[in-house]
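Please read the structure below before turning to the comments.
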Protein chains: 2
Amino acid sequence: MPGDTIRNMEDFAAVSGISRPTVSKYFNNPDSVRATTRERIEAALDRYDYRPNIYAVNQNRQQTKNIGIVVPFLSDPFFSEIARTIEALVIAAGYRPILLSSHGGQEQENDNLDSLRSLKPAGVLFAPLGRASDKSVIETFCKHVPTVLFDSNLDGMGEAFIGSDNASFVDQTVEYLCRSGEPPRFFEMRTPANPNANKRRTAYIAAMEREGHEPIVHKVTGEGWGFEEIGRAGAHAAFDAGQLTSGTVLCSNDRLAIGFLAAAYERGMRVGRTEDSDLRVASHDDHPFSRFTCPSLTTAAHDYDAVAGHAVRSIFELIEGGEDTSPRDETLYPARLILRASA
Amino acid sequence: MPGDTIRNMEDFAAVSGISRPTVSKYFNNPDSVRATTRERIEAALDRYDYRPNIYAVNQNRQQTKNIGIVVPFLSDPFFSEIARTIEALVIAAGYRPILLSSHGGQEQENDNLDSLRSLKPAGVLFAPLGRASDKSVIETFCKHVPTVLFDSNLDGMGEAFIGSDNASFVDQTVEYLCRSGEPPRFFEMRTPANPNANKRRTAYIAAMEREGHEPIVHKVTGEGWGFEEIGRAGAHAAFDAGQLTSGTVLCSNDRLAIGFLAAAYERGMRVGRTEDSDLRVASHDDHPFSRFTCPSLTTAAHDYDAVAGHAVRSIFELIEGGEDTSPRDETLYPARLILRASA
DNA sequence: GAAAAAACTTTACGCGCGTAAATTTTTGAC
DNA sequence: GTCAAAAATTTACGCGCGTAAAGTTTTTTC
């Protein structure tokens, strides 16, 4: 026998000296067979490089070992980081992650969900686009596939939502900025793609009123996911109008802040918390590049690990626990203030 | 019949009034059936949301419609951008992209290839880690799966290699820098992960000699994929030693340059091509973030579209054309010099 | 060491679809 | 309208594996 090519589980069972149903059992759960049997199979496994045909396996199993991961924009390092964390946890649990990016578009998001449905995943971890999402498509999807939302919530959709507590982000930055200098004005996109942006604005207004200051919101125009350029162009427009050239600016997110800082630099403005600075800039997200901006960016960090860990735990509880009748879990993790040079 | 749930192609064929083999033919290629037949199937398709079971399909087809895309580090926006471009082309060709990141590690790269083999992809577009790659694993993989390498070449592996012409990148930046000011010193990692880095150093030395200047290479220490931090720490170390504080610095890649610029800013050094600047900094890659550095970064841009397009075309030629006896295609696309404020 | 329990083997069926061969129907050209 | 070509239908088998049932062997328990 040795030397032949192994074409299927039948062949492999033959060379390992174990019956095919037992070999099948082994591949589903190596601990479900006797130790001596396991050893014989594993001995055969490193003589031949057989592995079960994944398509035949998934055709017959009631449930695949696939976990879908959908993010709105993978080129945004924030999402690629959280996707990476989630991926690692999914693999550790013995499942196969399937990573899809919606590239900022509704059509691609819908295609991704459509594609996932035909893959019959055991569950899906889904960060929706937000405002641009097609709610009815998502609702239908969630009815068919166990889904946990993360990052952006959509009311009532999915079995749970795990995200960051936007109010915590803004409360901490506003409190710090007010305590350490002039109260901040808020810098954001006029029509943000993401529901978190709205929560941040609302939280800003509430926090400012709590601190006894008048909230001032500066909205800039621009569509799409090129936030840095929108921030840069918006900052230049503001400077041209004589606005935001001094005091403190709190950006809705780091990518806008990166653009804002670039514009400030181009104008020769000095940003920072030192005496000789023209203005302070802070933001939210702790984007991977925010420590390399000039100056480095004071921001509020997501708890990546907590969000990723909780989301993954949730989906596996759903998968293994079956139907849960408990109320929809909506957990928000607080931010961690990161003080750097910009404010 | 209407109202029933469609469980398989048999059911669907029944409600559409067409025989199952013909319906099967339709799903393999809608143009292979008569127009009237196509209309009847498509009429049924929007009354029921049937789609063929992808696992049963792939089990029986000699070839799946999957195209693997493996990149070394998806959190690097350079790779997420090129992955996005490739993905779009693959989808347009009617195939399903499967995106995997090696997260900078050999083990993950091997796992990715292993995982892909069991998915029986029609072809794979593979950007290897480079120095950290397990060459023997990759060689074995390429024997079993039609593979086109991109970004980093590995001698003789895969059916083709499509990448950027590192010499073109460096020639253009060196020529420009020499023409417009002091000749550059080269700033790079001591043990770069990527073979492109070595080609760039070699090209730098050759270009400098051509220009009649002595090449000076400054190597910084650091492991892993946190290039920005390695660049920042390396720059600070250089400044501490009184090096690179004036003149012109050419970084091996933009991510190092981002760290270098951050360090320069922290030192209060003025970077740029204006009279009052302390030094000039340029680099290579046109990283998505490079236009938002302070100052914006003069760099050499990859031709994303050309590389992605050629790589995708190559893999489909392999898939559809069968065995090619022609010599291994190694195409390198030249860079485009991007002049910004830093040099 | 006997009985009970656990693990394994044998046999067999079905999953949903690709695909081949033989037959029947439809189409298009004259 | 005829006839050849094209397309559809009927019938049938096989892909590789999950899984159930019944029988056999091995292990555990006291």
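Fair warning: this is a prediction, and the values are worked out from it, not measured in the lab. Throughout, a chain's letter reflects where its sequence line sits, starting with A, and its residues are numbered from 1.
Looking only at atom types and distance, the side chain of T64(B) has no donor-acceptor partner in the side chain of N58(B) under 3.5 Å away. Between the side chains of S101(A) and R84(B), no donor-acceptor pair of N or O atoms lies under 3.5 Å.
Within the structure, every side-chain polar atom (N or O) of T22(A) is placed at least 4.0 Å from both OP1 and OP2 of dC8(C). For S19(B), no side-chain nitrogen or oxygen approaches OP1 or OP2 of dT10(D) to under 4.0 Å.
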Got a list of protein N/O to nucleotides 15-22 of chain C N/O distances below 3.5 Å?
| residue | atom | partner | partner atom | Å |
| --- | --- | --- | --- | --- |
| dC15(C) | O2 | N60(A) | OD1 | 2.3 |
| dG16(C) | O4' | Q59(A) | NE2 | 3.1 |
| dG16(C) | N2 | N60(B) | OD1 | 3.3 |
| dG16(C) | N2 | N60(B) | ND2 | 2.6 |
| dG16(C) | N3 | Q59(A) | NE2 | 3.0 |
| dC17(C) | OP1 | Y50(B) | OH | 2.5 |
| dC17(C) | OP1 | N53(B) | N | 2.9 |
| dC17(C) | OP2 | M9(B) | N | 2.3 |
| dC17(C) | O2 | N60(B) | ND2 | 2.8 |
| dG18(C) | OP2 | S24(B) | OG | 2.4 |
| dG18(C) | N7 | R20(B) | NH1 | 3.4 |
| dG18(C) | O6 | R20(B) | NH2 | 2.9 |
| dT19(C) | OP1 | Q62(B) | OE1 | 2.9 |
| dT19(C) | OP1 | Q62(B) | NE2 | 3.1 |
| dT19(C) | O4 | R20(B) | NH2 | 3.3 |

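Between the OG1 atom of T22(A) and the CZ atom of R38(A) there is a distance of 13.0 Å, given to the nearest 0.5 Å. The distance from atom CD of E87(B) to atom CD of Q108(A), rounded to the nearest 0.5 Å, is 7.0 Å.
Using a 4.0 Å cut-off between a side-chain N of Lys or Arg and a carboxylate O of Asp or Glu, D49(A) and R117(B) qualify as a salt bridge.
Among pairs with a residue in residues 126-162 of chain A, none fulfils ring pair (Phe, Tyr, Trp, His ring centres under 6.0 Å), at least two apart in sequence or across chains.
Here the P atom of nucleotide dA7(D) and the CZ atom of R40(B) are 16 Å apart, to the nearest Å. In this structure, the CZ atom of R34(A) is 17 Å from the P atom of dA5(C), given to the nearest Å. The interatomic distance linking N29(B) (CG) with dA8(D) (P) rounds to 12 Å, in whole Å. Protein atom CD1 of I18(B) is 12 Å distant from nucleotide atom P of dT26(C), rounded to whole Å.
In this structure, T37(B) reaches the sugar-phosphate backbone alone: every heavy-atom distance under 4.0 Å involves primed, P, OP1 or OP2 atoms, never a base.
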